[in-house]
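What follows is a short report on a single structure.
Along the sequence shown, residues carry numbers from 1.
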Amino acid sequence: MRLFERGGPDPTNIGNPHEFTVRQLAELVLRLTGSRSRIVERPLPTDDPKVRQPDIQRARGTLGWEPKVSLEDGLRRTIEYFSGLTPA
């Protein structure tokens, strides 16, 4: 709601300001879940972003927001939550 009230028409990035690759994310998910799934690499689309580090300055300035949970902690919490929803 604050963004709607104060944000203006420009986009506001909300995300992790630390850059990591999709491969690093996949490897972390495999490690945290204990999965033995394979990571399959495919050619990148031509419009694939080369930088995956959102600039969250507008979120900080407009909303006073910044992430408080690390990527690894957030993934752990998410995995734990979904583990509780699925039958063993």
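Legend: residues meeting side-chain hydrogen bond (donor to acceptor under 3.5 Å, both in side chains) with Q24, ordered by chain and number and at least two apart, are T21.
Through direct or relayed side-chain contacts under 4.5 Å between Ile, Leu, Val, Met, Phe, Trp and Tyr, F82 connects to Y81, L85. Membership of the apolar cluster around L25 extends to F20, L28, V29, L32, L71, L75, I79, as traced through chained side-chain contacts below 4.5 Å between ILVMFWY residues.
I56 is listed as a side-chain neighbour of W65, based on a closest heavy-atom distance under 4.5 Å.
In terms of modelled atom types and a separation under 3.5 Å, the side chain of Q53 and the main chain of H18 share no donor-acceptor contact. Within the 3.5 Å criterion, the main-chain N or O of L63 finds no donor-acceptor partner in the side chain of R58.
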Below 3.5 Å, can you tabulate the donor-acceptor pairs from side chains in residues 39-49 to any protein atom, sequence neighbours excluded?
unit_1: E41; atom_1: OE2; unit_2: R23; atom_2: NH1; d: 2.6
unit_1: D48; atom_1: OD1; unit_2: R52; atom_2: NH2; d: 2.9
unit_1: D48; atom_1: OD2; unit_2: R52; atom_2: NH2; d: 2.8

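In plain terms, the two heavy atoms of G15 and P67 that are nearest each other are O-CG, 3.7 Å. Counting all heavy atoms, side chain and backbone alike, A59 lies closest to I14 at CB-CG1, 4.3 Å.
The distance from atom CD of Q57 to atom CG of N13, rounded to the nearest 0.5 Å, is 10.5 Å.
Counting only residues at least two apart or on different chains, the salt bridge (charged side-chain N to carboxylate O under 4.0 Å, His left out) pairs with a member in residues 71-80 are R31-E72, E72-R76.
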